[in-house]
Amino acid sequence: MAAASATAAGDQVPRRPLLQRLFGRHPVGQVFAAPYVLFWFALFAYPLGLALYMSVHEYFFAAPGADVQRPFVGLANYTEVLSDPSVRRAALNVLIFLVINVPLTVVFGLVLATILNTALPLRAFFRAAYYVPYVTASVAMVGVWLWLFSGGGLVNSLLGPLAPDPTWLVNSLWAMPIIALFATWKQLGFYVLLYLAALQNIPDTLYEAAKVDGAGVFKRFTNVTVPGVRSATALVVILATITGANFFTEPYLLTGGGGPNGASVSPVLLMYQEGIQQGNAGYAAAIGVVLAIVVMVLSLINRQLLEEE
Amino acid sequence: MRLLRTVTLACVLLLALTACVRGEEGGGAAGPAAGGSEGGSEIAAATGPIKIWYSNNEFEIEWAKAVVKAWNSDHPDEKVTAQEIPAGETSEEVIQASIAAGNTPCLIYNTSPAAVPQFEKQGGLVALDEFSDGASYVEERVGDKAQQYQSPDGSYYQLPWKANPVMIFYNKKLLQEAGIDAQNPPLATYDEFYETSKKIVDSGTAKAAIWPSPASQFFQPWFDYYPLFAAQTDGTQLVEEGESQFADEAGMAVADFWRRMYDENLSPKEEATGDAFAEEQSAMAIVGPWAIAAYEAVEWGAAPVPTQDGTPPEETYTFSDAKSVALYSSCENRGTAWEFLKFSTSEEQDGQLLELTGQMPMRDGLTETYAEYFEENPAYEQFADQNARTVEVPNVPNSIEMWQTFRDAYSASVIFGDEQIEPALTGAAEEINGLVSEG
């Protein structure tokens, strides 16, 4: 009996000091992590909580201390969002945008990165050139595209009678594809950079082995490069989807506020119009929450489909 | 199991955050924003240093600096610190954000009357009626037009300050080249305007006859539909007594006129890449007197906006494109703010404003008060005369949303022709009736 008691006492794990129990074995680690935790709370968790709160209220921004009524409305903002034709149109526009933007980004990003990874004359110049649109202000780039695609612009001058009527940016059929092309072109430099980084991780021996096996340039690309950058492709697709679903500058500047007749309106533009211009912050927050959920679901699907084990 | 634990933890955290937000909402300390409370009269009488914002227009900056200097030299204990309104997409957005942050200055000399209902709803404005001579000062200054600036609760939350009554500006050289009498162009009726426009475009003199922005922002109707609507209806506002006024014969006639201009490509459906009038891409523009200085290089003429059957110029109404001064609720020294507001809108300072900016002070009997100025500057006289017949945007709840609703229907039916005008405008009118009744 005494022996059994001794064994039980021997199995008992000694209680750690309170400080260790609260902050782990190395409390100093918590101190190092604290700035980011605070940053995360202030800039992500708190705004998210506020957005959720706003979305279930008839919310608008008011002066501090002002006696204003912002009643609880439950899910009314959400039901209104889901039945709003403008929101549906914006959702369709996001779909059009993603269908054009994401595949083009992946294909052109990878092909250009592969070319720029070879011993190309003026390689440094081309690498910088593709990156320039990404770091240039959108307003300036929009100015160039307005000039290119306006009625009397360069593109129509080249196309002559083949130019669409009404012209590109006021044509409800063409406005969204042009916006998607603009965004693809503007962002491409960043994705080329991601692919270039990923390409450095593919061992040369794989290319040499493929060459020995008789694989040509195309076969080496499809059988070595494409699988070799798979994790980068997953990242590119997820990032392109997230930034694509949040497009705002393009319809705001390129098509004069989502024109023609709402054909290029985006959810974020609607949030801006409703929340900032019209003072319906609760409704705008509901659009934002729905958009965030949709983007998260899309990203999860992309991750499941594309990421390696 | 681990995932479940993480999700549960996240939910708990979010609920806690939402509760924090809720706590904050209810716990706001009542500051000066709660004007009209017990200490309201004390705040209204308080004096001391104040801050003001003014527009970033170079001429207005010159005026504001001079006014502030004149005030400060006589009031060392009530010093006014002035600055340009901070940069932003629009002044309204900057002011709205500032109201929410509680850091608005006492006075802003660039408050859009269309945004006043929203600022008022935010608790950002002080009713001028709080001052014993508040309402009478507004009414004496503006005359009969004062009621257009009165809020539905009967108070004045803005002092109408200056107007830019819009007219048709035309380029005499381009009209001449198109074979049109440039001294007296036929622009009074819709048919005359259309024929003149057709001549301009058909002759290849300019790409467009007139190029109002086809963009869909809420304020764009103020520079295409609304001036013509004001003229066609002899000075009716878009909404009066809670009812939309545009879904009738007059409103449809204005819409039909613009639809014809767009259908015939006399007004382009795409945004101009620069200033179409300055670059002679268009022969006409709808502008206020600010354009006289801005288009100095152009040999211009001005005419009232057209109406269906023509209206004598001395009877034609237009949109005011006015700006007001408002007193903001975060202001602590409201006594000084009110006195400075009266000082800066006195006859003398209004005269300075006219002299330096060419913009029309919103004051009854403008041409008589500043007769000498208009004699010396006859170019402005036509606008001053027009200033007597202006229509303001309606001071109604959900004002911005109302204009956006109108613009969306107008874009769909008039500019892009995707819908029939009558059902589109009738639908917008019904929607707007609902919006303005929500207040």
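In the text below, chain A, chain B and the rest are named by the order of the sequence lines, each starting its count at 1. Keep in mind that what you see is a predicted model, and the values were worked out from it rather than measured.
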Under 4.5 Å from any heavy atom of chain A, what part of [X] do you find: side chain, backbone, both or neither?
X	answer
B:Thr273	side chain
B:Phe218	side chain
B:Glu401	both
B:Glu270	both
B:Ala97	neither

Quiz item: Quick one: what part of A:Pro260 sits under 4.5 Å from any heavy atom of chain B, side chain, backbone, both or neither?
Solution: both
Quiz item: Is chain B contacted by the side chain of A:Ser150, its backbone, both, or neither, given a heavy-atom distance below 4.5 Å?
Solution: both
Exercise. Pick whichever of A:Leu169, A:Thr255, A:Val56, A:Asn280 has the most heavy-atom pairs under 4.5 Å with chain B.
Key: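 Heavy-atom pairs under 4.5 Å are most numerous for A:Asn280.
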Self-check item: N-O pairing of B:Glu130 and B:Arg334 below 4.0 Å
Solution: yes
Quiz item: Are the aromatic rings of A:Phe248 and A:Tyr272 close, with centres under 6.0 Å apart?
Solution: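 Aromatic pair counts; centres sit under 6.0 Å.
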Practice problem: For the residue pair B:Trp403 and B:Phe406, categorise the inter-ring angle as parallel (less than 30°), tilted (30 to 60°) or perpendicular (more than 60°). | Solution: perpendicular
Quiz item: So A:Phe149 and A:Trp168, would you call those rings parallel, tilted or perpendicular, with 30° and 60° as cut-offs?
Solution: perpendicular
Quiz item: Is it true that atom CD of B:Gln281 has more than 12 heavy atoms of other residues, nucleotides or ligands lying nearer than 6.0 Å?
Solution: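 It does: B:Gln281 CD has more than 12 such atoms within range.
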Practice problem: Can you see which heavy atom on B:Leu327 is nearest to which on B:Cys331, and at what distance? | Solution: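 Scanning both residues, the minimum pair turns out to be CD2-CB, 4.0 Å.
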Quiz item: Any donor-acceptor pair under 3.5 Å linking the side chain of B:Ser216 with the backbone of A:Gly257?
Solution: yes
Self-check item: Which of B:Lys269, B:Glu271, B:Lys121 touches chain A most, by non-hydrogen pairs under 4.5 Å
Solution: B:Lys121
